[in-house]
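Working notes, structure below.
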Amino acid sequence: MRKFLMILSVTGLLTPLVAHPDGRTLYENYCQICHGSEGKGDGAGVPETMIRPRPFSAAAFKFDTDADWEKGSDTDLANVIRNGTAAYGGSSLMPAWSNLQDEEVDELVAYIRRLQVR
């Protein structure tokens with residue numbers, strides 16, 4: 001097994017498995033402070049006087065970033081994560097997380113979807 005893992009590591013096949021944190025970890029690092037631990041828009045880092053962040057749990061997404069007439073698609077969420085909401089006419093309080101890699105953005109989108117109340 002050890003030799004197998006070493007071969008995977010040397011060939012670069014193991015790197016994607018360990019290089020990117022999972023969606024929950026990314027959410028805790030980037031989103032939770034404003035959007036809250038359950039995605040209700042009630043994070044501890046948002047003063048009462050500020051505009052409340054969008055509640056992911058309600059799936060009430062605002063932006064159609066790709067002009068497909070559908071608000072809140074996975075593409076829309078990914079674009080907002082990468083570019084911030086100001087890029088689409090929203091608040092400048094939501095930063096652009098352009099430092100995230102595509103796989104990380106995909107993990108975040110998947111985690112945000114799991115926060116939705118069904």
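Here the structure is a predicted model, which is why all the values come from computation and not from measurement. Values reported hereafter were calculated over all heavy atoms of this structure, with side chains retained and with hydrogens, waters and symmetry mates removed.
No side-chain heavy atom of Leu115 sits under 4.5 Å from any side-chain heavy atom of Lys40. In this structure the side chain of Gln101 reaches within 4.5 angstrom of the side chain of Glu104, judged on heavy atoms. Using a 4.5 Å heavy-atom cutoff, the side chains of Val46 and Ile51 are not in contact.
Under a 3.5 Å cut-off, the side chain of Asp76 and the backbone N or O of Ser73 do form a donor-acceptor pair. A donor-acceptor contact shorter than 3.5 Å is absent between the side chain of Thr65 and the backbone of Asn79. Asp64 contributes a side-chain N or O that, together with a main-chain N or O of Trp69, makes up a donor-acceptor pair within less than 3.5 Å.
Between Pro53 and Cys34, the shortest heavy-atom contact is CG-O, 3.2 Å. Annotation for Ser92 and Ala86: closest pair CA-CB, 3.9 Å, computed over non-hydrogen atoms. Closest of all the heavy-atom pairs between Ala59 and Gln116 is CB-CD, 3.6 Å.
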- Report the C-alpha separation of Ile33 and Glu28 in whole Å, then their side-chain angles, then the decisive distance to 0.1 Å, and conclude whether the side chain to side chain contact (heavy atoms under 4.5 Å, CB included) test is met. CA-CA 7 Å; Ile33 190 71; Glu28 289 169 350; over 6 Å; no
- Task: Kindly indicate, with the supporting measurements, whether the criterion side chain to side chain contact (heavy atoms under 4.5 Å, CB included) is fulfilled by Lys62 and Arg54.
- Result: CA-CA 8 Å; Lys62 180 177 180 179; Arg54 190 139 311 264; 3.3 Å; yes
- Apply the test salt bridge (Lys or Arg N to Asp or Glu O under 4.0 Å) to residues Arg82 and Asp102: give CA-CA distance (whole Å), side-chain angles for both, the deciding distance (0.1 Å), then the verdict. CA-CA 9 Å; Arg82 283 186 190 100; Asp102 289 343; 3.2 Å; yes
- Run the numbers on Leu108 and Leu77 for side chain to side chain contact (heavy atoms under 4.5 Å, CB included), then give the verdict. CA-CA 9 Å; Leu108 262 175; Leu77 294 178; over 6 Å; no
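No more than 12 heavy atoms of other residues, nucleotides or ligands shown are found within 6.0 angstrom of CD on Glu38.
Pairs engaging residues 26-45 under the ring-ring contact (aromatic ring centres under 6.0 Å, His included) rule: Tyr27-Tyr111, Tyr30-Trp97, His35-Phe56 [sequence neighbours left out].
Here the CG-CG distance, from Asp74 to Asp106, works out to 8.5 Å after rounding to the nearest 0.5 Å. With values rounded to the nearest 0.5 angstrom, Arg52 atom CZ is found 12.5 Å from Ser91 atom OG. Expressed to the nearest 0.5 Å, how far CE of Met94 lies from SG of Cys31 amounts to 6.5 Å.
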